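Below you will find the structure I want to go over with you.
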Amino acid sequence: MSLVPFQNEPLLDFGTEAERDRMRTEVEKVRAQLGRSYPLIIGGRRMQSDNVFLSRDPADPGSVVGEIAMGSAKDADAAVQEARKAFGAWSRVAAWERAALLLRAGDILRQRRRELLAWLAFEVGKNFDQADGEIAEAIDHFEWNARQLLALNQGKEIQPIPSEMNEYRYLPLGVGAVISPFNFPATLPLGMSVAAIAAGNTVVLKPAEEASTIAHQLYRVFEDAGLPPGVLNLVPGFGPEVGDVLVRHPDVQFVAFVGSRAVGTQIHRNTSGLVDGQRQLKRVMTEMGGKNATIVTLSADRKWAAREVALSAFGFQGQKCSATSRLIVLEEIHDEFLEAVVGEADRIAADAGHASENRAFGPVINDAAEKKITSYIDAAPGAGRMVRRGTAKGNHFITPTIVDDVAPDSPIAQEEIFGPFLAVLRARTLQEAVEIANGVEYALTGAVFARDPQELDYVREHFFVGNLYLNRSSTGAMAGVHPFGGYKMSGTGPKVGGPDYLSFFLQAQTITQKLRYPWE
Ligand code: NAD
């Protein structure tokens, strides 16, 4: 079986009038669908629930994007049972057939790409420039995993011996729970589900509460591609209810989670014990937060660096696990560079508005996020020099905050704030900068701007993060090109979009057949 080599999905160009026109049409199409009801989908059946969550436009909380039927513990259990039933047949579908179905689904997503962009704008406040990279990555997940599956399906070479025939091959694990966060509402639930399903597993997906309408759009992509009922089950619900039941369920063999450190570590704990009826230990992936640092040295191209730093700190309002939240600048260029970053932040903040108009700056996701960010802003004057104070403008809009001269051990230099908030730290040497950068409990992404090859060599060897970017922003990983995931409290590290990712969803088996008996 062979396919043309993998290629990343090209991005759309919103600079052209034709593209902007097409997006206006999609926005109006989606606007006309706002407020619809979405049921649970278990074993392919649509089911209502007494418990409904109103998923609201973060930039216009009076506007309901979707009325979401929320699952109960019983629904979570029913979904696991349906996934179990579906596993027998799905795990035996030939790998090439699974791959073909996923490629078909990728094509459907490609056709619905602009519609999805509009849903992302309304439900999570992500503008087209930011969302397009995400949807392109989601399409890539179909293409990438289909190819990875066909390659792994060949098995791997093992050492031959004359008297036996030995085979090393991969089997699916069983039923998995996929639990995803709000901030990459398409590529994360989809990336985990696609890999799990490609591998021959069946899945119960619990998306983030705030992104449940988008999860329904994604479900339709699989359904329209012909995925059999029960292979993917969609059970939106509250984390501590549905999520918790799923991760502890005796028939769930693996958990793929992306979200905060607090929830990820809780899931790690909750999946490690045995419950009645459990027949195997769970395999668990927890991809969590970051406190990502960007270092700027004397040899950097400062204009470029300032743009990249501001974009990675304030793009999508800083709500990316990979966002730069600490800027570490060498003393000699500190003042001049900070001024340039503040200028860039001003420029981004000046273009605030609704994501459906592709404005540069938008809302944070909800009241809880706004409250958390505001509490850090209020505490900031005691932790450093306020250079740019973020202000709440209503409807979850909070302008960017930049605090200078922050001590490395201060909470604003240690804790993930997950909003448009940048802590600036000074360093006397590159060595000191790297020490500060490494001095947090997270290790997800990091960036260094320097043109001196010796400086670049130094950071390659000493800056310890899952994804290190040299002379570019700490955000914007592409499937296949930048396999993504962190260390320490940032994650367990199978690296989505990388050559090892699919293996997380598979178990290897060795089959040995004796060819000659000793007396022959
Ligand atoms: P979150 O941890 O609050 O929620 C993530 C998911 O976990 C949601 O679906 C939620 O309902 C569920 N959940 C909550 N409590 C649960 C429980 N007790 N048991 C099971 N599930 C439960 O995260 P969020 O606010 O939606 O997303 C932001 C976080 O995600 C940030 O910390 C960010 O850094 C992180 N993130 C990490 C990556 C990565 O690749 N490392 C990518 C994106 C986001």
Side-chain angles (χ1 to χ4, degrees), residues 53 55 58 68 70-71 73 76 123-124 126 134 137 177-192 204-212 214-215 234-249 252 255-271 282 284-292 316-325 364-370 372-373 415-419 440-445 465-467 474-477 479 482-498 501:
F53 173 77
S55 176
I68 311 296
M70 297 298 260
E123 196 168 37
V124 298
K126 191 173 277 197
E134 173 169 359
E137 189 186 351
V178 168
I179 300 182
S180 52
F182 79 86
N183 68 325
F184 280 91
T187 190
L188 289 175
L190 201 136
M192 292 185 275
V204 180
L205 167 62
K206 195 218 83 64
E209 293 82 329
E210 306 86 352
S212 300
I214 293 164
L234 179 56
V235 188
F238 297 106
E241 285 174 43
V242 169
D244 192 55
V245 169
L246 288 175
V247 302
R248 293 176 196 261
H249 199 291
V252 165
V255 176
F257 167 84
V258 180
S260 62
R261 174 193 187 281
V263 176
T265 49
Q266 200 180 333
I267 288 177
H268 199 264
R269 206 171 41 243
N270 293 346
T271 47
K282 292 175 198 287
V284 183
M285 165 203 301
T286 53
E287 298 310 303
M288 305 179 284
K291 189 71 188 173
N292 313 303
F316 189 38
Q317 296 74 258
Q319 299 172 114
K320 294 185 191 176
C321 55
S322 53
T324 288
S325 55
V364 295
I365 189 69
N366 56 22
D367 291 348
E370 182 173 338
K372 179 177 170 192
I373 297 160
E415 295 166 13
E416 188 185 49
I417 300 172
F418 219 59
V440 291
E441 63 176 23
Y442 296 102
L444 187 48
T445 70
V465 285
N467 285 67
S474 66
T475 56
H482 314 114
F484 186 83
Y487 312 139
K488 289 163 69 179
M489 286 299 172
S490 290
T492 42
K495 293 247 187 259
V496 63
Y501 193 64

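Whatever order the structure lists them in is the order used to number ligands and atoms, beginning at 1. Just so it is clear, the model here is predicted, and its values are computed rather than measured.
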Ligand 1 contact on P207 by region, counting heavy-atom pairs under 4.0 Å: backbone
Separation of E210 CD from E123 CD (nearest 0.5 Å): 8.5 Å
Option whose closest heavy atom lies nearest to atom 21 (N) of ligand 1, chosen from G243, P181, S212: G243
For atom 12 (C) of ligand 1, closest protein heavy-atom neighbour: I179 CG2, 3.7 Å
Whether G491 lies under 4.0 Å from ligand 1, heavy atom: no
Donor-acceptor pair between S325 and E416 side chains, under 3.5 angstrom: no
Ionic contact status for E134 with K126, cut-off 4.0 Å: yes
Backbone or side-chain N or O of F182 under 3.5 Å from ligand 1 N or O: yes
Atom 33 (C) of ligand 1: nearest protein contact (heavy atom, Å): F418 CE1, 3.4 Å
Residue selection (non-hydrogen contact nearest atom 19 (N) of ligand 1) among T286, T492, L205, D244: D244
Sub-4.0 Å heavy-atom contact, G486 with ligand 1: no
Side-chain (E287) to main-chain (G493) donor-acceptor, under 3.5 angstrom: yes
Nearest-neighbour protein heavy atom for atom 18 (N) of ligand 1, which is reported as residue plus atom name and distance: Q266 NE2, 3.5 Å
Within-cut-off N or O pair, M288 and ligand 1, under 3.5 Å: yes
Nearest non-hydrogen protein atom, atom 32 (O) of ligand 1: E416 OE1, 2.6 Å
Contact partition for L188 relative to ligand 1, non-hydrogen atoms under 4.0 Å: side chain
Partners passing salt bridge (Lys or Arg N to Asp or Glu O under 4.0 Å) against E370 (at least two apart in sequence or in another chain): none
Subset of ligand 1 atoms that lie under 4.0 Å from at least one heavy atom of E209: 10 (C), 11 (O)
Minimum-distance protein heavy atom relative to atom 35 (C) of ligand 1: G259 O, 3.1 Å
Close approach of G485 to ligand 1, heavy atoms, under 4.0 angstrom: no
Protein contact of atom 36 (N) of ligand 1 - nearest heavy atom, named by residue and atom, plus distance: C321 CB, 3.5 Å
K320 N/O under 3.5 Å from ligand 1 N/O: no
NE2 (H482) with more than 12 external heavy atoms under 6.0 Å: yes
Pair V465-N292, side-chain contact (heavy atoms from CB on, under 4.5 Å): steps then yes or no: CA-CA 9 Å; V465 285; N292 313 303; 5.9 Å; no
Part of E210 within contact of ligand 1 (heavy atoms, under 4.0 Å): neither
Ion pair check, E441 and R261, cut-off under 4.0 Å: yes
K488 and L444: CA distance, side-chain angles, deciding distance, side-chain contact (heavy atoms from CB on, under 4.5 Å) verdict: CA-CA 8 Å; K488 289 163 69 179; L444 187 48; over 6 Å; no
Any residue meeting side chain to side chain donor-acceptor pair (under 3.5 Å) with K320, in chain and number order, not counting sequence neighbours: Q130
Worked check of side-chain contact (heavy atoms from CB on, under 4.5 Å) between T445 and F484: CA-CA 9 Å; T445 70; F484 186 83; 3.5 Å; yes
Expected output: side-chain K206 to main-chain G71 donor-acceptor under 3.5 Å: no
Distance-only N or O hit between ligand 1 and R261, under 3.5 Å: no
Identity and separation of the nearest protein heavy atom to atom 17 (C) of ligand 1: G239 O, 3.5 Å
Polar contact flag for N183 and ligand 1 (N/O pairs, less than 3.5 Å): no
Region of I365 engaging ligand 1 - heavy atom pairs below 4.0 Å: neither
Heavy-atom nearest neighbour in the protein, as seen from atom 6 (C) of ligand 1, with distance rounded to 0.1 Å: S180 O, 3.4 Å
Residues T324 and S474: side-chain donor-acceptor under 3.5 angstrom: yes
Check: F53 main-chain N/O paired with E209 side-chain donor or acceptor under 3.5 Å: no
Heavy-atom protein neighbour under 4.0 angstrom from atom 4 (O) of ligand 1: no
